[in-house]
Amino acid sequence: MVKSVNFDSKVYSLDVIKKAAYRFSDSYSFEFEIIKNKIVCKIKEINKNPELSFDEFVDIFKNHVLDYDLRGKIFKETSDVRNLILSHTFSKTKLQDG
Amino acid sequence: MAKFKDLNSFSNKKNIYNLLPFNFDQIDNDIYLATNFVGEHILIKKSDLGRFVNKELTSTSNIYKELKSKHFLYENKNDIAIDLLALKKRTKLNFLKEFTGLHIMVTSLRCEHSCPYCQVSRANTNSNKNIYDMSHDTAIKSLELIFQSPNNNIKIEFQGGEPLLNFEIIKFIVNHSEKIKGTKNVQYVIATNLAMINHEILEFAKINNIFFSTSLDGPESLHNKNRPRKGNNSYQKTIEGIEKIRESIGYDKISALMTTTKDSLSKSKEIIDEYIENGFSGIFFKTTFSVRICNKNKIL
Ligand code: SF4
């Protein structure tokens, strides 16, 4: 069985959706297509999970997309301070550039 | 009449705090585990996680205080939290400075013992040396790799099979390593069953301050049962070897460890006595690993 889930490309990046997809790639296969402002994600079941219906999985997948989006936001917002911390960490070692 | 403002009016408004790097994952329906790179963690409700990232938490809430104390947020750019995090991270990564000190070089896979618990793909003594012994080429490349370690104290341990069956390469490695070691301190250890020890080896070890490590599994009958060899004299060879090393190089140049098998379990007293009689002040217990022929021989 194949199901299509649409994401608004102004809300989610393809990258974020792909990250969520990788997480489930042992049991589902994913195909992406960008149509206008939509990212169409076609999901196919490879290994049937008797404890999880396909619809339930789609809901879980959508939540994971949301989580990856949040991670991306945190990563972006903290990248300056991450570099600052790392440069403090490695100061006085010989492991830095320049 | 003017009244006191309520508590919430003194709490931080939105956006007053900044996020510190962290990651999270769902562990239960509504519960997320958030971790940061200094190893702190926090269990947080899904709704709180969203509010936290969107800067909607107030500084008086318990979750805010916990997030702050565990370095998931800081309040302004000059906050000491960043220095503190850097310090914690530096402490956590301190091992990198002393990166990989111990290097094991397997000089031969051949051995004249046939211990059932042996973990290596051991070959007989008359097997093809070109296949089972370390070549000069491999030795040189291995040393190049070893000396890439930033650690100032390097230990090279020769293992086998029986490493002394390829003593030529041990000599080559020690001589070459002494040439290229620069300012590093290098210590050499030969892990051997001692059956092959001879005058030439002892002399070389003395000159180069080489240590020996051997196996002593317990009293003669147990040791010989665990460690068969032609002549059934492994125990005798080991004890003689220990004495020779102590006499010609130094008392502390040899250490021993025992491998525990099911035959050892009822003989703990005898094993300890054996170690004391032979002048060892401690015992290092080595358990058998369930690998290779050790598995096949069902000696566990
Ligand atoms: S002496 Fe060591 S290498 Fe040789 S058979 Fe015994 S355990 Fe294996």
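Numbers restart at 1 for each chain; the letters A, B, ... are given by sequence-line order, proteins then strands.
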Counting neighbours of [atom1] on [X] that are heavy atoms of other residues, nucleotides or ligands and sit closer than 6.0 Å, is the number greater than 12?
X       : atom1 : result
K141(B) : NZ    : no
H41(B)  : NE2   : no
F75(A)  : CZ    : no
K45(B)  : NZ    : no
K70(B)  : NZ    : yes
K184(B) : NZ    : yes

From [atom1] ([X]) to [atom2] ([Y]), nearest 0.5 Å:
X      : Y      : atom1 : atom2 : answer
L84(A) : D83(B) : CG    : CG    : 8.0 Å
I85(A) : K89(B) : CD1   : NZ    : 9.5 Å
Q26(B) : I60(A) : CD    : CD1   : 8.0 Å

Would you call K46(B) and D67(A) a salt bridge, using N to O less than 4.0 angstrom?
-> no
N18(B) vs V81(A) side-chain heavy atoms within contact, under 4.5 Å | no
Side chain, backbone, both or neither: which part of F22(B) has a heavy atom under 4.5 Å from chain A?
-> both
Side-chain (R71(A)) to main-chain (F24(B)) donor-acceptor, under 3.5 angstrom = yes
Closest heavy-atom contact between R82(A) and F37(B)?
-> CG-CE1, 4.1 Å
Do you know the tightest heavy-atom contact between L19(B) and T78(A)?
-> O-CG2, 3.4 Å
